[in-house]
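Notes to accompany the following structure.
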Protein chains: 2
Amino acid sequence: MSASSVTSESLSGNAGSNGPMHSDASAAPVRIVDLANELDLSIATISRVLNDSPAVRPEVAERVRTHALTRGYVANRLARSLRSRTRSFVGFLVPAIENLAYSIAADACAQYVSRSGHQLILAISGDDPELEFNALRSLAEARVGAVIVAPSPSMTAGSRKLLAGMSVLEFNRTAGLSKNMVLCDERAAFIEAARHLLDLGHESIAYIGTTDAVSNGRERLEGVREELERRGKQLRQTHIRLLPPTEGDGYQAAQELLSGPDLPTALLVGSSSLSMGVARAVRELGIKVPEELSLIVYGDSQWGQLFSPQLTTIMAPYREMGESAANLVASILSKDEKEPAQVVRMHAELLLRGSTAQPTNMSRRT
Amino acid sequence: MSASSVTSESLSGNAGSNGPMHSDASAAPVRIVDLANELDLSIATISRVLNDSPAVRPEVAERVRTHALTRGYVANRLARSLRSRTRSFVGFLVPAIENLAYSIAADACAQYVSRSGHQLILAISGDDPELEFNALRSLAEARVGAVIVAPSPSMTAGSRKLLAGMSVLEFNRTAGLSKNMVLCDERAAFIEAARHLLDLGHESIAYIGTTDAVSNGRERLEGVREELERRGKQLRQTHIRLLPPTEGDGYQAAQELLSGPDLPTALLVGSSSLSMGVARAVRELGIKVPEELSLIVYGDSQWGQLFSPQLTTIMAPYREMGESAANLVASILSKDEKEPAQVVRMHAELLLRGSTAQPTNMSRRT
DNA sequence: TTGTATGCGTTATCAC
DNA sequence: GTGATAACGCATACAA
């Protein structure tokens with residue numbers, strides 16, 4: 001909180017209900033019983049109206065509805081859920097909401113779950129097992145009907161135990177937590193990307209990605225390795241960097257890889273945060289793309305368009321994934337009978353832009 | 001949901017409690033009364049232990065605690081809040097969580113409110129008055145203890161009425177909803193930016209920003225205009241574009257402005273989404289920055305570093321703002337006595353990078 | 001120090 | 001069709 005100023009403005013004599021806005025935030029909410037008294041009806045009737053029960057005379061219903069509106073009645077979900085044993089919250093546990101992938105997914109997801117009458121509660125693990133546990137615990141306390149979770153690499157036993165008590169939907173990453181999943185086909189996407197580079201004639205391809213402890217990190221690496229081997233090439237150990245997904249790590253790894261002795265002619269990046277760092281390093285090293293190096297990044301398509309040249313990008317359909325997760329959850333919550341588990345696999349696209357080309361003799365060989 | 005494949009995998013005979021993981025998600029949660037029966041104690045005693053009441057024999061407390069742990073007891077917040085009349089949720093209403101500013105703020109905020117035992121519920125308005133109302137209603141139903149809100153430009157009367165019943169904290173934007181605010185000094189930031197351009201010798205400065213219906217959009221524009229006038233310059237009407245904050249709008253506005261007859265030598269952008277579009281347009285038009293045009297953007301510092309040259313950027317301390325909001329909310333929720341309203345004003349920094357320079361005769365005059 | 005009993009706001013089960 | 005009334009899971013005033 002470096003540069004900030006805090007001004008305390010006393011509200012002075014604010015006893016009476018003055019001020020056109022700023023009404024009493026402490027005024028007790030109106031309850032069903034209030035409406036009942038005011039209309040000289042029973043709480044049962046009011047409740048029925050509010051729940052659209054047909055068993056109430058239309059004129060009475062109308063009277064109740066208008067009165068509820070004018071009095072600004074807002075149902076108490078806590079009491080409602082408690083009594084009716086229904087669950088109105090849905091949890092969404094992500095590693096980091098700053099990650100555009102998750103923020104887009106969360107946006108779509110929130111919108112769609114609200115459409116089915118639920119409220120999304122966002123929880124953030126920071127990929128930290130302890131924070132993750134706390135977050136899950138908090139969701140459990142809120143009695144979420146379901147939780148959509150992108151599990152951290154090393155989830156604790158405690159977290160798993162909590163999840164065992166909820167209906168869970170794995171999102172983007174898998175860790176054997178559920179039979180319901182919304183994923184995208186990372187392996188196929190990276191196979192496609194590798195093939196693209198191979199087709200251009202690259203022989204020396206490097207990969208910077210995230211730790212293979214998390215499912216999609218693993219899939220990405222495997223996709224690249226698989227395609228290379230299928231073509232009789234090798235993904236050499238010196239051309240692989242597996243790191244935590246931060247901009248800084250990507251920057252450092254690229255710096256190191258691209259100023260080392262064994263220069264690749266193409267570089268494939270397997271994480272959006274890493275991609276940003278890699279791009280920065282490439283820019284600072286003054287490497288000409290694609291003449292000296294072909295580059296394929298992952299994730300966000302936005303800034304990739306600002307780089308010169310525009311970056312060829314692997315992009316997953318985050319919005320659709322979030323939407324899909326919301327719909328799946330809705331279907332799980334509607335029918336309490338055990339549904340057959342569903343696995344939704346989305347296709348990640350390879351956006352061909354200007355950062356890949358045939359290797360030239362300008363390539364930065366030593 | 002263009003390219004996706006849905007696989008239905010039947011769970012087959014999954015009747016018995018088999019499967020090491022995937023335990024019964026439908027098992028009823030253990031309640032206080034369960035613990036009480038199993039330990040042959042009263043529910044009052046259990047409750048006291050779980051609330052750290054000192055009025056219970058330490059050995060009993062220990063016995064209860066361990067038993068609760070082994071049984072995997074998770075308190076029911078709904079019941080707890082209902083009975084104790086405490087509020088454990090905090091709402092955070094943002095226009096768009098894809099906006100890095102809000103996602104960073106939400107992250108920090110979620111972390112800090114959870115530290116004080118609360119759970120953040122994220123709500124998204126999409127700057128749409130109707131969605132905003134629904135979101136607020138949903139938060140009201142969840143009986144949030146407070147709501148941190150970045151109001152949409154044209155909030156409905158209904159929304160205002162709802163907010164009147166809650167304790168609200170305005171975030172980043174103001175609309176006369178509360179006396180508690182966490183803002184940043186947009187005006188000062190844009191004065192500083194304008195001064196920087198004027199000091200470099202620019203005479204013809206353009207501004208692309210958001211509609212002045214929203215408070216900070218207004219402040220930004222006013223800051224620029226104020227500083228220019230103080231220096232005897234004019235922010236001409238033809239050099240102003242006020243738009244919705246989308247990448248596309250920024251792109252289009254910049255295209256238009258920078259290929260028109262009355263070319264500015266410097267361009268100031270007042271929104272992060274607009275900034276991306278402007279940058280893309282500048283790049284596509286092949287305008288040399290800063291030789292032909294000095295450019296100052298707003299918001300995200302990350303991709304601004306990838307542009308060539310790196311972009312001079314006005315950046316607000318989103319993380320600190322989120323943290324600050326969380327702390328303010330915590331202090332509001334802890335003491336129910338009417339606190340003096342607090343206004344926190346943070347300083348937005350001007351990061352001088354490579355996109356601004358003196359105007360040259362290379363400047364794109366007609 | 002512990003237990004009994006009441007109520008939070010709502011829905012659901014009965015009667016009428 | 002409508003109205004009493006019990007119960008959801010928990011905290012708490014009061015009794016013991």
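The CG-P distance, from B/Asn76 to D/dA7, rounds to 18 Å in whole Å. Taking atom CG of residue B/Leu41 and atom P of nucleotide C/dT2, one finds them 8 Å apart after rounding to whole Å. If you take CG of A/Asp34 and P of C/dG9, they are 8 Å apart, rounded to a whole angstrom. The distance between atom CZ of B/Arg87 and atom P of C/dC8, rounded to the nearest whole Å, is 15 Å. Whole-Å rounding puts the A/Leu35 CG to C/dG9 P distance at 13 Å. One atom, CD of A/Glu59, and another, C1' of D/dG1, lie 11 Å apart when rounded to the nearest Å. To the nearest angstrom, C1' of D/dC8 lies 12 Å from CG of A/Leu78. In this structure, the CG atom of A/Leu39 is 12 Å from the P atom of D/dT2, given to the nearest Å.
Between B/Phe92 and B/Phe171, the ring planes are perpendicular. Angles over 60° get that label, and only those under 30° would be called parallel.
Heavy-atom contacts from other residues, nucleotides or ligands closer than 6.0 Å to CD of A/Glu130 number 12 or fewer.
Using a 4.5 Å cut-off on side-chain heavy atoms (C-beta onward), B/Pro29 and A/Arg143 make contact.
With hydrogens and angles left out, the side-chain atoms of A/Tyr73 and A/Asp34 include no donor and acceptor closer than 3.5 Å. For the residue pair A/Ser159 / A/Thr156, a side-chain donor-acceptor distance below 3.5 Å is found, with atom types taken as modelled. No side-chain donor from either of B/Ser103 and A/Glu98 sits under 3.5 Å from a side-chain acceptor of the other. If you check the side chains of A/Glu170 and A/Ser178, you find no donor sitting under 3.5 Å from an acceptor. The closest side-chain donor-acceptor pair between A/Arg77 and B/Ser138 falls under 3.5 angstrom. There is a side-chain donor-acceptor pair under 3.5 Å between B/Arg80 and B/Asn51.
Rounded to the nearest 0.5 Å, atoms CG (B/Leu82) and CG (B/Leu78) are 8.5 Å apart.
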Taking protein heavy atoms under 4.0 Å as touching, what does nucleotides 11-16 of chain C look like 5' to 3' if B marks base contact, S marks sugar-phosphate-only contact and - marks none? BB----
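Nearest heavy-atom pair, A/Ile104 versus A/Arg319, reported as atom, atom and distance to 0.1 Å: CG2-N, 3.6 Å.
B/Thr174 places no side-chain N or O within donor-acceptor distance of the main-chain N or O of B/Gly176, the cut-off being under 3.5 Å.
Within residues 136-147 of chain B, no residue has a heavy atom under 4.0 Å from DNA chain C.
Within 4.0 Å of B/Val60, counting heavy atoms only, lie sugar-phosphate atoms of the nucleic acid but no base atom.
Taking the C1' atoms of five terminal pairs at each end of the helix from C/dT1-D/dA16 to C/dC16-D/dG1, the two resulting helix axes are inclined by 40°, rounded to 10°.
Two residues, B/Arg85 and B/Pro54, neighbour DNA chain C, and the one matched to the more 5' nucleotide by heavy-atom proximity is B/Pro54.
For the OP1/OP2 pair of C/dT2 and a distance below 4.0 Å, the side-chain nitrogens and oxygens of B/Ser42 include no atom meeting the criterion. OP1 or OP2 of D/dG1 has not a single side-chain nitrogen or oxygen of A/Arg57 nearer than 4.0 Å.
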